[in-house]
Amino acid sequence: MNIVLLGPPGAGKGTQGVVLSKNYRIPHISTGDILREAVKRGTPLGKKAKAFMDSGELVPDEVVVGIVVDALSQDGTKEGYILDGFPRTLKQAEELDAALKRKASGIDMVLYFEIPEEIAIERLTGRRVCRKCGANFHIKNIPPKKEGICDKCGGELFQRPDDKLETVKNRLKIYEIQTRPLIEYYMNKNILKKVSGALDVKDLFKELCQVFSEAKLV
Ligand code: AP5
């Protein structure tokens, strides 16, 4: 099954992407994760992306589309994949469609995670990430057993630079202008399914599994 996770920052796309990928054994392709890794390594891609990401702006379409087309040409994607955080503009969506059409493939379902803005802000500003293994925590919702330390690997937890309140507000504004139009784009293709991103992690996962099963995707 070829799935897209769509929704504002903080809606829980990345969290569900990880568990769905484990459960259905298909790759989770997160453009945010790929870009952050490139920034960490200081690659040419990372150097190009860093300023955009730190200020909450989108990285230019031509850079991001190239990353995804490359990721989708890997062998591991034959049984399906979960695209998280891509597409994020109409241009990206159109280029994705064109690239998949060339392979006689397409997106089966777009899951739109709907969430009130105040919850997204609370989740993002409270998020802490492990510097070593990348695991996500939240100071209130998913607290680590020991403050500032990753439960999984003992690494140090830090706040993403783009999770500071001012940058979060800019990310949400950018989402409204550049990404929200994709809801209509996919609705017109009859592949959009709305779910509540405000549910807790386990309940939302259960709901997504049910949605896939009803749509006969699994
Ligand atoms: P990206 O990493 O994609 O950021 P985002 O979409 O803003 O996604 P987030 O990770 O902030 O939110 P999420 O919905 O995944 O929520 P999560 O599960 O993490 O992109 C970062 C930047 O990269 C962009 O700003 C841009 O610059 C660039 N970029 C990436 N893709 C691009 C593209 N296609 N085009 C151009 N530029 C691009 O959860 C958030 C928090 O909430 C965590 O603390 C988590 O523990 C907690 N949480 C999650 N689910 C729940 C729940 N159900 N209940 C309670 N807490 C929860």
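All residue numbers in this chain count up from 1 along the given sequence. Every number for a ligand or one of its atoms is a count from 1 in the order of the listing.
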**Study point:** Cluster overlap V129 with I121, hydrophobic side-chain contacts below 4.5 Å
**Key:**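 Looking at the clustering, I121 is in a separate group from V129.
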
Which residue supplies the protein heavy atom nearest to [atom], what is that atom called, and how far is it?
| atom | value |
| --- | --- |
| atom 48 (N) of ligand 1 | R123 CD, 4.0 Å |
| atom 15 (O) of ligand 1 | G14 N, 2.8 Å |
| atom 31 (N) of ligand 1 | T31 OG1, 2.7 Å |
| atom 39 (O) of ligand 1 | T15 OG1, 3.7 Å |
| atom 16 (O) of ligand 1 | G12 N, 3.2 Å |
| atom 4 (O) of ligand 1 | R160 NH2, 3.4 Å |
| atom 37 (N) of ligand 1 | V59 N, 3.0 Å |

Practice item. Report the C-alpha separation of Y112 and Y186 in whole Å, then their side-chain angles, then the decisive distance to 0.1 Å, and conclude whether the ring-ring contact (aromatic ring centres under 6.0 Å, His included) test is met. Key: CA-CA 10 Å; Y112 164 44; Y186 286 118; over 10 Å; no

For ligand 1, is [X] a contact, meaning one of its heavy atoms is under 4.0 Å away?
| X | result |
| --- | --- |
| L204 | no |
| G10 | yes |
| Y175 | no |
| P87 | no |
| Q16 | no |

Practice item. Assess whether side chain to side chain donor-acceptor pair (under 3.5 Å) is satisfied between T89 and D61, documenting all intermediate values. Key: CA-CA 8 Å; T89 63; D61 289 335; 3.0 Å; yes

Of the listed options ([options]), which comes nearest to [atom] when hydrogens are ignored and any heavy atom counts?
| atom | options | value |
| --- | --- | --- |
| atom 10 (O) of ligand 1 | R171, R128, R127 | R127 |
| atom 29 (N) of ligand 1 | N141, L83, I139, L35 | L35 |
| atom 26 (C) of ligand 1 | K202, R36, E57, Q178 | E57 |
| atom 1 (P) of ligand 1 | K140, R88, K13 | R88 |
| atom 35 (N) of ligand 1 | Q92, M53, K91 | Q92 |
| atom 44 (O) of ligand 1 | F86, F113, F52, F137 | F137 |

Practice item. Would you list the pairs meeting salt bridge (charged side-chain N to carboxylate O under 4.0 Å, His left out) in which at least one residue belongs to residues 180-196, sequence neighbours left out? Key: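 As it turns out, the salt bridge (charged side-chain N to carboxylate O under 4.0 Å, His left out) pairs with a partner in residues 180-196, which skip direct neighbours, are D97-K189, E114-K194, E176-R180.
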
**Study point:** Flag side-chain contact, heavy atom, 4.5 Å: V110 against L182
**Key:**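 V110 does not reach L182 side chain to side chain.
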
Review point. Can you tell if the side chain of R123 reaches within under 4.5 Å of the side chain of I115, non-hydrogen atoms only?
Key: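 Yes, side chains in contact.
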
Please say whether [X] places an N or O atom under 3.5 Å from an N or O atom belonging to ligand 1.
| X | answer |
| --- | --- |
| G85 | yes |
| L199 | yes |
| G56 | no |
| A11 | yes |

Relative to the heavy atoms of [X], which atoms of ligand 1 are at a distance of less than 4.0 Å?
| X | value |
| --- | --- |
| D200 | 53 (N) |
| V64 | 33 (C), 34 (N), 35 (N), 36 (C) |
| I142 | 46 (O) |
| P8 | 14 (O) |
| L124 | 11 (O) |

Point to revise | Within 6.0 angstrom of K103 NZ, more than 12 heavy atoms from elsewhere | key: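 Yes.
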
Review point. Heavy-atom count around Q74 CD within 6.0 Å, excluding the residue itself: above 12?
Key: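 Correct, the count exceeds 12.
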
Between [X] (side chain) and [Y] (backbone), is there a donor-acceptor pair under 3.5 Å?
| X | Y | answer |
| --- | --- | --- |
| R128 | N136 | no |
| E122 | E118 | no |
| T77 | L72 | yes |
| E79 | I26 | no |

Exercise for review: Only one of I3, T31, L5, I29 passes side-chain contact (heavy atoms from CB on, under 4.5 Å) with D84; say which it is.
Suggested key: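 Of the listed options, the one satisfying the test is L5.
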
Practice item. Name all residues meeting the salt bridge (charged side-chain N to carboxylate O under 4.0 Å, His left out) criterion together with K78; count only those two or more places apart in sequence or in a different chain, and write none if there are none. Key: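 Listed in chain order: D75.
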
Review point. CE of M53 to NZ of K48: how many Å apart, nearest 0.5 Å?
Key: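 Interatomic distance, M53 CE to K48 NZ, rounded to 0.5 Å: 14.0 Å.
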
